Every structure is written in structure tokens, then in C-alpha cells.
Novice: 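What follows is a structure written as C-alpha cells; I'll ask about it next.
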There are 2 protein chains.
Amino acid sequence: MNKSLKRMATMQRLQNTGLELFYAQGYYDTSIDDILKKLDLSKGAFYYHFESKEDFFIQIIENLLARKIYSTLIEPIEGHDNPLTLITKCFDDALETAVHNEMDYGCVLSNFLAEFNGKNDVVMRHLNEIVTVWEVNLVTALQKGKFNGYLDRHVDCEAASTFIMSSYFGVRVLMTSAAPSSKKYRFMSQIRQYFKSIEAKPVNF
Amino acid sequence: MNKSLKRMATMQRLQNTGLELFYAQGYYDTSIDDILKKLDLSKGAFYYHFESKEDFFIQIIENLLARKIYSTLIEPIEGHDNPLTLITKCFDDALETAVHNEMDYGCVLSNFLAEFNGKNDVVMRHLNEIVTVWEVNLVTALQKGKFNGYLDRHVDCEAASTFIMSSYFGVRVLMTSAAPSSKKYRFMSQIRQYFKSIEAKPVNF
DNA sequence: GGTAAATCCGACCATTTGGTCTTTTTATAT
DNA sequence: ATATAAAAAGACCAAATGGTCGGATTTACC
């Protein structure tokens, strides 16, 4: 195999399995040996490619988490349509993968935020950056929606974004416990309700 | 000191400090020695009172977390007033303590839910029980509110509860990162907006 | 085929962890 | 005061963890 290809392959195998296990068991409860065992690799291989466990994790955040968040939660809400419709569709899709016990990266993000909060500033900075990017894009989308007449003129777009993000992070916590499918259904029905309350009101004659 | 009093005192000191550190650093990243060092106690003292770290933690959940959740998030919404008003006030109070960097037990709960999800079934059962109690009480409060004419007849109380809990858990995740005060303000403004959309509509003449 | 660099192996290390066990201290009852 | 049981001390242990290091393989290139 091509050398740089091999390097990439090993690094990516490590990162993919790393994210998988970190998500399933938590960062502090996942040892490097756990990851290596699953891949039939050795300590030497790991420390040849990564400086430390923390460096490894940060690269996972940058290379996997950030991109996935972008493609599942940010990119889908870009465009000139009604942002409320786009966000609804986007959440519906993301939660559907969550119902089927797959990795929902929104959940991955909020789990890590909870796990590292107050424990590791360096990691927190990287995680918060993703949150900020999401937030900025949400605000932009809502403002554009307001400009295009989809949202009520009085809507505070920053506040709406905070609320939308909150509810999404939160429902992922709830879905982990029981009856994720019904939780999803209930959540979606009420976020629609909320969206209805901030959409542009028909003009009175 | 009286003996049974002394026993209680030591156990409670351990549990209080335990919760404090578990919340600050996470369960898996907090060693028993950490707790003992902070209290100038020894391993012997700890294992005289508790069977294991897990047993210790479960007792913390039952003795501290559950009760605190009850007094801060459940009790305040009981009564015959408009439940939407009560919940608003309740969240406002809880988030205010959170802004001042104190322990907000709603956050403690959601952090632990995230940390133990998929890792420790026994602990998860205890945590989920608290969530269920909260949920049941929320649903009851909303249904009573509907019966008393505070909520619109068409509101799905289960769904509304799920949504309300979601948003609360979620905003706590967001508040950890930056500008908690402004996050709180934005969150409160939008949950009021949502509540307005499910309150009883004035009758048309 | 030989060579040098890239990649990987795995024994090893220091430290930390949850937990055990024997011993000592402390409080209570007689 | 002394016997007794509760409470606490702290040395100790086995397992696990993140990380190191010298050497063995692979790979690319001549």
C-alpha cells in the first residue's frame, strides 16, 4: 500500500473506533488499550501517530465530530426556503437515526460537552467552537427567514436559536432512557407548535 | 459526640463532598481518595460506611439528588395556579442559581444521565426513576391546568412535558459554555413564547 | 538486493484505582 | 475503671492506565 495512504488508513481506523468507544463508554472510561484491542493494533502504533490520548481526542473532534455536525445539522438548514421547515426536517432526520440506535452526532456533542464541562478546558474549547458554529448558522438562517417573510417580525433570532439548540440537546438526553421513538414524536410535535408561534402571522384586513 | 449522630455526620459529609466532586469532575474521574483527602478521612472510614463506590453513588442519588430535584423542580409546580406560570417561575429560580455557578440539580441530573448512559445499568435505573417522577408530575400539573382552563383544550400534555424537560436539560448544557446569564434570558423568553402558544385561547364572540 | 525511513510491536514502567485487612482509637454501658 | 462494640486509620494488594522505548517489520526508492 502507498505509504501515506497506509498512514491515513491506520489513523482513520484509530479515530473511527476511538469515537465509537468514546461515545459508547465515555472518554475517561475508555482506555487506549480498549481501542487497540478492537483493531488488533499495538501501543507503538498509537503513539507513533498521536502524541497523547488528549491529542488523539482533539483530532477526533476536528476530523470527525465537527464535520459530521456540519453535514447533519448545519448544511441542511442552508438555503432560501423557510428555515423553520428546514430545521424541522433536519431534526426529524437526525432523531430518526438516533431512534435506530446509531450515532447521532448532536448527541455525541452534547454528551461530550457534559462530560468535559469543568474538567478539561482545552477539550472544552474545541467542543464549544462547534456549538458556536452551529449557533451562528442557526441565527443567520432565522434572520434570513425573517427577512424573507417566513418569521414574525418580532422574533428574537438569537433567543430562538438558543431555545432550539437547547431543546435538541435536551431531547437527546431523554431519548437515551426509554421509548426513544415516542419521545421523538412528542418532541417533534411540540417544536412544530413552537415554530408555528414564531412564524409570520397572516396580515389582518 | 453521640455515636449514631457521629455516624450520620460522617456519612453525610462523605455524601455531600462526593456529590460535589462527582458533579465537578464526573463519576469516573473522581477517585474515592479525592473525596477522602478533602475530608481528612481514611479508606477505612469510607468502607466502613459504604459497600463500594457504586453503592456510595446510588445512596447519593437517593439521599441528595432525588430530594433536591423534588424540592427545586417538582414541589414548586404543585398547586392550583396556572401551571405555566409556576413552571416559568420554577425554571427562572433554578437557572438563576445556575448562573451563579452553584449546583443546579437539574444540571447534575442531566450530566449524570449523559455520563452513565449505556455504561452502568444499575445507576441508570436510579437516575431514570427521578426523570420519570419529574415527568409524571409535569404531566399531572399540565392536565390539571387544562382541566382548570389554563391550557388550550388541544394540548398534548405528555408531548408538552417531554418538550419542556428537553429544553431545560438542553439549556443547562449550553449554559456551561459561555454567557450563562444571557443564555438564561434568551431561554426564558422563548419558553414563555412557547407557553403562550399552548395557553387557553380567549373565546371568540 | 540493499538501505534508510516509516510503521508497528510489545515488554516495561510509574502511577492510580477500587477494595481488603489488621490495628488503633473513640465512645458507651456497666 | 473496664469491657465492648463502633468508628477510623492506613499499610497493603491486584488490576488497570497512560505513556516510553528499543527493536522488529514493511515499504519506498535506488
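What you are looking at is a predicted structure, and each value in this text was computed from that prediction instead of being measured. Labels below follow one simple rule: chain letters A, B, ... track the order of the sequence lines, proteins then strands, and each chain is numbered from 1.
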Novice: Which ones in residues 113-124 of chain A lie close to DNA chain C, meaning a heavy atom under 4.0 Å from one of its atoms?
Specialist: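 Close to the strand, none.
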Novice: Is there a side-chain polar atom (N or O) of A:Ser52 under 4.0 Å from OP1 or OP2 of D:dG18?
Specialist: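 Answer no for this pair, as no side-chain N or O of A:Ser52 is under 4.0 Å from OP1 or OP2.
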Novice: Where along residues 12-40 of chain A does a heavy atom fall under 4.0 Å from DNA chain C?
Specialist: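 Correct list: A:Asp40.
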Novice: Do A:Ser197 and B:Gln193 have a side chain donor and acceptor closer than 3.5 Å?
Specialist: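 Yes, because at least one side-chain N or O of A:Ser197 sits under 3.5 Å from a partner of the opposite role on B:Gln193.
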Novice: Between D:dG18, D:dA9, C:dC8, spot the one nearest the side chain of A:His49, thanks.
Specialist: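 Looking only at heavy atoms from C-beta outward on A:His49, the closest nucleotide is C:dC8.
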Novice: Counting heavy atoms from C-beta on, name the nucleotide in C:dT20, D:dG19, D:dA8 closest to the side chain of B:Tyr47.
Specialist: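 Shortest atom-to-atom distance from the side chain points to C:dT20.
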Novice: Within this structure, what is the CZ-to-P distance between A:Phe46 and C:dG10, rounded to whole angstrom?
Specialist: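 A:Phe46 atom CZ is separated from C:dG10 atom P by 17 Å.
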Novice: Centroid-to-centroid, A:Phe112 to A:Phe57, below 6.0 Å?
Specialist: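 Yes: the rings meet the under 6.0 Å criterion.
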Novice: Quick one: label A:Lys53 by what it contacts on the DNA or RNA (base, sugar-phosphate, nothing), any heavy atom closer than 4.0 Å.
Specialist: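 Sugar-phosphate contact only - A:Lys53 comes under 4.0 Å of backbone atoms but never of a base.
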Novice: Please pick, from D:dG18, D:dA8, C:dT7, the nucleotide with the shortest atom-to-atom distance to any side-chain atom of B:Ser42.
Specialist: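 It is D:dA8.
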Novice: Take the protein atom CZ of B:Phe50 and the nucleotide atom C1' of D:dA6, then report the distance between them rounded to whole Å.
Specialist: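 After rounding, the gap between these two atoms is 16 Å.
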Novice: Rounded off to whole Å, could you give me the CE-to-P distance for the B:Met8 and D:dA6 pair?
Specialist: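 Going from CE in B:Met8 over to P in D:dA6 covers 16 Å.
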Novice: So A:Phe163 and B:Tyr194, would you call those rings parallel, tilted or perpendicular, with 30° and 60° as cut-offs?
Specialist: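 Because their plane-to-plane angle lies in the 30° to 60° range, the rings of A:Phe163 and B:Tyr194 count as tilted.
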Novice: Ignoring hydrogens and angles, write down the donor-acceptor pairs under 3.5 Å from the side chains of residues 146-153 of chain A, residues two or more places apart or on other chains.
Specialist:
unit_1: A:Lys146; atom_1: NZ; unit_2: A:Val155; atom_2: O; d: 2.8
unit_1: A:Asn148; atom_1: ND2; unit_2: A:Lys144; atom_2: O; d: 3.4
unit_1: A:Asp152; atom_1: OD1; unit_2: A:His154; atom_2: N; d: 2.8
unit_1: A:Asp152; atom_1: OD1; unit_2: A:His154; atom_2: ND1; d: 2.7

Novice: Ion pair present between B:Arg67 and B:Glu62, side-chain N to carboxylate O less than 4.0 angstrom?
Specialist: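 Here B:Arg67 does not pair with B:Glu62 in a salt bridge, since their nearest N and O are not under 4.0 Å apart.
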Novice: With a cut-off of less than 4.0 Å, is there a side-chain N or O of B:Tyr48 near OP1 or OP2 of D:dA8?
Specialist: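 So the side-chain polar atoms of B:Tyr48 never come under 4.0 Å of the phosphate oxygens OP1 or OP2 of D:dA8.
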Novice: Can you list the steps and then say if B:Glu102 with B:Thr97 is a side chain to side chain donor-acceptor pair (under 3.5 Å)?
Specialist: CA-CA 6 Å; B:Glu102 289 160 47; B:Thr97 77; 5.3 Å; no
Novice: Ignoring backbone atoms, establish whether B:Thr10 has a side-chain N or O less than 4.0 Å from OP1 or OP2 of D:dA8.
Specialist: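 Yes, because at least one side-chain N or O of B:Thr10 sits under 4.0 Å from OP1 or OP2 of D:dA8.
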Novice: What is the separation between atom CG on A:Asp55 and atom P on D:dT20, rounded to the nearest whole Å?
Specialist: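 For the pair A:Asp55 CG and D:dT20 P, the rounded distance is 12 Å.
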Novice: Does NZ or CZ of A:Lys53 lie under 6.0 Å from the centre of the six-membered ring of A:Tyr27, at an angle within 45° of the ring axis?
Specialist: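 Geometry flag: set, cation within 6.0 Å and 45°.
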Novice: Less than 4.0 Å between a side-chain N and a carboxylate O, is that true for A:Lys38 and A:Asp34?
Specialist: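 The answer is no: the pair does not qualify as a salt bridge.
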Novice: What orientation do A:Phe91 and A:Phe187 show, parallel under 30°, tilted 30 to 60°, or perpendicular over 60°?
Specialist: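 Taking A:Phe187 first and then A:Phe91, their aromatic rings sit tilted (interplane angle of 30° to 60°).
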Novice: D:dC13 C1' sits how many Å from B:Lys43 NZ, rounded?
Specialist: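 Roughly 10 Å, once rounded to whole Å.
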Novice: Does B:Arg7 place a side-chain N or O at less than 4.0 Å from the phosphate oxygens OP1/OP2 of D:dA6?
Specialist: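 So the side chain of B:Arg7 is outside the cut-off, no N or O lying under 4.0 Å from OP1 or OP2 of D:dA6.
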